[in-house]
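Nothing fancy with the numbering, it's 1 onward along the sequence.
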Amino acid sequence: MDSSKALKTTKDSSIVEATSRRDFFKKTAIYSAGALSAASVLSPVSLKADDKAIINDAPWGQKLGDVVNKNPYGMPSVYEHNNIRRTHDLLSSGDAYASISMCPIHESEGIITPNGLFFTRNHGGTAQIDPNEYRLMIHGKVKREVVLTLEDIKRYPSETRTYFIECPANGSPEWRAPQFNSLQFIKGMMSSAQWTGVMLKTILEDIGLEKDAVWMLAVGSDNASNPRTIPVEKALDDVMVVWGQNGEALRPEQGYPIRLVVPGWEGNLNTKWLNRLEFSDKPWHAKEETSKYTMLQKSGKAIRFFWVNEVNSVITKPCPEKPWTHLKKGDMVEIEGIAWSGHGTIKGVDISFDGGDNWVEAKLKGLVLPKSWTRFSYIYKWDGKPLLLSSRAYDDFGNIQPTIDEETAAVGVESVYHRNAIVTWEITAKGECNNVHIRKHKKA
């Protein structure tokens with residue numbers, strides 16, 4: 001679909017264009033003895049001279065704080081106790097070993113997920129590996145078979161890159177109807193991090209590949225091993241053998257000491273506790289890529305080797321966990337969200353206030369990197385009326401996030417993986433936020 005034809009705008013006077021933020025701040029600035037900050041313009045507050053929190057000395061300022069090295073490994077504030085990963089029996093069938101722990105993306109800032117909040121998906125529990133005993137075997141159709149220690153791998157020149165990892169089942173309970181009134185449980189099977197390691201192609205250039213090596217099998221050393229087939233073309237592109245995440249060693253639940261990072265492709269291909277890479281002229285058709293991780297069609301047949309995570313987006317503020325119940329009519333507020341694409345780079349995001357009949361262009365903010373989260377933003381004046389708030393992303397490959405009807409028309413509702421249909425929040429007159437599905441749209 002031509003993205004230039006897909007962008008339809010509205011002239012609703014209640015909407016403030018994101019591209020005119022500077023003018024907005026000039027026109028709506030509130031002055032007291034001195035100018036308030038832009039943040040206070042967005043969230044007006046009543047200033048009271050008798051506010052005890054400001055006229056009295058704060059209790060924490062009247063005594064010594066904790067000693068500098070109380071926590072040799074730093075800890076979050078105790079007041080951030082709700083910013084945690086969460087599990088749900090519906091998503092694990094009560095199996096705590098082959099389960100998933102959801103990232104609190106409604107609390108996320110920027111495009112980097114802290115290591116302690118990065119979503120976790122295991123098939124056989126979290127392996128605890130002694131790095132001194134770790135080995136990686138690379139064999140099959142290679143010119144020089146090798147067994148590498150952790151130190152051997154770290155001798156190769158390293159690179160640091162930022163990529164998201166997304167489970168292909170992200171949003172899977174939503175195929176038929178809304179299931180969770182929670183952003184964390186709708187889209188929390190993903191996170192984004194800065195990865196440090198060696199490009200796999202650097203290792204393969206060193207040991208050499210046979211001409212007929214067109215497939216690679218990645219195998220983990222954990223209880224489940226989770227063998228997956230990956231094309232050599234991808235292995236020689238941007239795949240990384242990683243030992244670092246966000247400036248520190250991988251954590252055990254993220255594959256310590258070594259994992260594979262396969263940018264933009266299904267999370268289960270990003271093999272943790274990497275143990276073996278084998279090369280062949282044929283794919284392996286392993287258990288997890290035949291019995292699972294296939295794309296079921298309306299015909300009853302399934303597509304295998306369905307790797308790339310499609311263009312996607314979701315509004316994170318507001319969301320069911322972050323409603324607008326604190327706002328008053330006429331308040332200015334920032335609508336914010338995340339967009340991502342396994343194909344490449346996000347080029348733009350549109351926002352709709354009426355469930356997809358009309359669209360306006362949001363502003364991309366911060367770093368815009370390929371196969372990474374991209375933040376988008378829109379400044380809005382809420383008039384207290386109900387809304388159907390949606391986002392729609394498109395990437396540099398021309399892919400546009402589909403409506404629910406467009407996606408189900410193509411693949412039906414029996415699928416489990418790769419759901420990237422538009423997400424809509426219902427904003428009530430009280431500012432409450434609910435997960436809803438929009439089935440019918442006005443034709444462009």
Side-chain angles (χ1 to χ4, degrees), residues 1-7 105 111-113 119 159 161-172 187 189-195 199-201 216 218 228-240 260-270 289 293-295 297 303-315 337-350 359 361-362 364-376 390-404 406-411 415-423:
M1 185 184 296
D2 185 347
S3 61
S4 64
K5 295 179 181 178
L7 306 183
I105 62 174
I111 61 172
I112 298 296
T113 305
F119 92 99
E159 292 199 23
R161 298 187 177 188
T162 301
Y163 295 119
F164 74 85
I165 294 181
E166 180 183 22
C167 177
N170 202 15
S172 60
K187 289 293 184 183
M189 296 185 194
M190 64 170 180
S191 296
S192 182
Q194 191 179 70
W195 306 99
M199 303 305 296
L200 178 55
K201 64 182 176 183
M216 178 181 78
R228 288 303 311 269
T229 301
I230 300 171
V232 165
E233 182 180 7
K234 178 69 172 177
L236 294 175
D237 180 20
D238 55 5
V239 174
M240 300 179 71
L260 211 60
V261 169
V262 186
W265 285 23
E266 294 181 339
N268 58 84
L269 296 166
N270 294 252
E289 57 195 19
Y293 301 117
T294 60
M295 188 67 170
Q297 306 294 286
I303 300 174
R304 288 195 291 169
F305 301 142
F306 199 75
W307 296 296
V308 184
N309 284 317
E310 294 83 358
V311 63
N312 217 324
S313 73
V314 68
I315 292 172
I338 305 170
W340 63 100
S341 174
H343 291 278
T345 306
I346 293 295
K347 296 299 292 183
V349 179
D350 303 323
W359 297 89
E361 186 176 2
L364 303 186
K365 58 188 295 187
L367 293 173
V368 179
L369 303 172
K371 301 171 186 175
S372 173
W373 279 358
T374 299
R375 286 279 172 180
F376 62 88
S390 314
S391 64
R392 175 182 67 184
Y394 52 100
D395 63 22
D396 57 348
F397 277 69
N399 301 300
I400 299 175
Q401 192 176 353
T403 66
I404 292 175
E406 287 172 342
E407 185 169 49
T408 56
V411 298
S415 297
V416 175
Y417 306 108
H418 292 266
R419 187 176 187 276
N420 69 317
I422 290 170
V423 175

Exercise. Please walk me through it: do V308 and H343 pass side chain to side chain contact (heavy atoms under 4.5 Å, CB included)?
Worked result: CA-CA 7 Å; V308 184; H343 291 278; 3.7 Å; yes
What heavy-atom pair brings [X] and [Y] nearest, and what distance separates the two atoms?
X	Y	answer
P231	W307	CG-CH2, 3.5 Å
N420	P402	ND2-CD, 3.3 Å
G264	F164	CA-CZ, 4.2 Å
V262	L269	CG2-O, 3.5 Å

Tell me, do [X] and [Y] make a side-chain contact under 4.5 Å, heavy atoms counted?
X	Y	result
H418	N309	yes
Y394	K347	yes
M240	L200	no
M190	I165	no
Q194	I112	yes
S192	Y163	no
V261	V239	no
F119	S191	yes

Please report the interatomic distance [atom1]([X]) to [atom2]([Y]), rounded to the nearest 0.5 Å.
X	Y	atom1	atom2	answer
I111	T162	CD1	OG1	5.5 Å
W373	I338	CH2	CD1	4.0 Å
E310	I400	CD	CD1	14.5 Å

For this session: Go through the steps to decide whether T345 and V368 satisfy the test side chain to side chain contact (heavy atoms under 4.5 Å, CB included), and finish with yes or no.
Result: CA-CA 7 Å; T345 306; V368 179; 3.6 Å; yes
Exercise. Ion pair present between R392 and D350, side-chain N to carboxylate O less than 4.0 angstrom?
Worked result: yes
Not counting sequence neighbours, which residues clear side chain to side chain donor-acceptor pair (under 3.5 Å) with [X]? List them please.
X	value
T294	none
S390	T424
S341	D395
N170	E166

When you measure from the side chain of [X] to the backbone of [Y], do you find a donor-acceptor pair of N or O atoms at a distance under 3.5 Å?
X	Y	result
T374	W340	no
Q401	A393	yes
E289	F305	no
E407	I404	no

Problem set entry | Full working for side chain to side chain contact (heavy atoms under 4.5 Å, CB included) between I105 and K187 | CA-CA 8 Å; I105 62 174; K187 289 293 184 183; 3.7 Å; yes
For this session: Please name all residues satisfying salt bridge (Lys or Arg N to Asp or Glu O under 4.0 Å) with K234, sequence neighbours left out, ordered by chain then number.
Result: D238
Exercise. Of all residues at least two apart in sequence or in a different chain, which pass the ring-ring contact (aromatic ring centres under 6.0 Å, His included) check with Y293?
Worked result: Y417
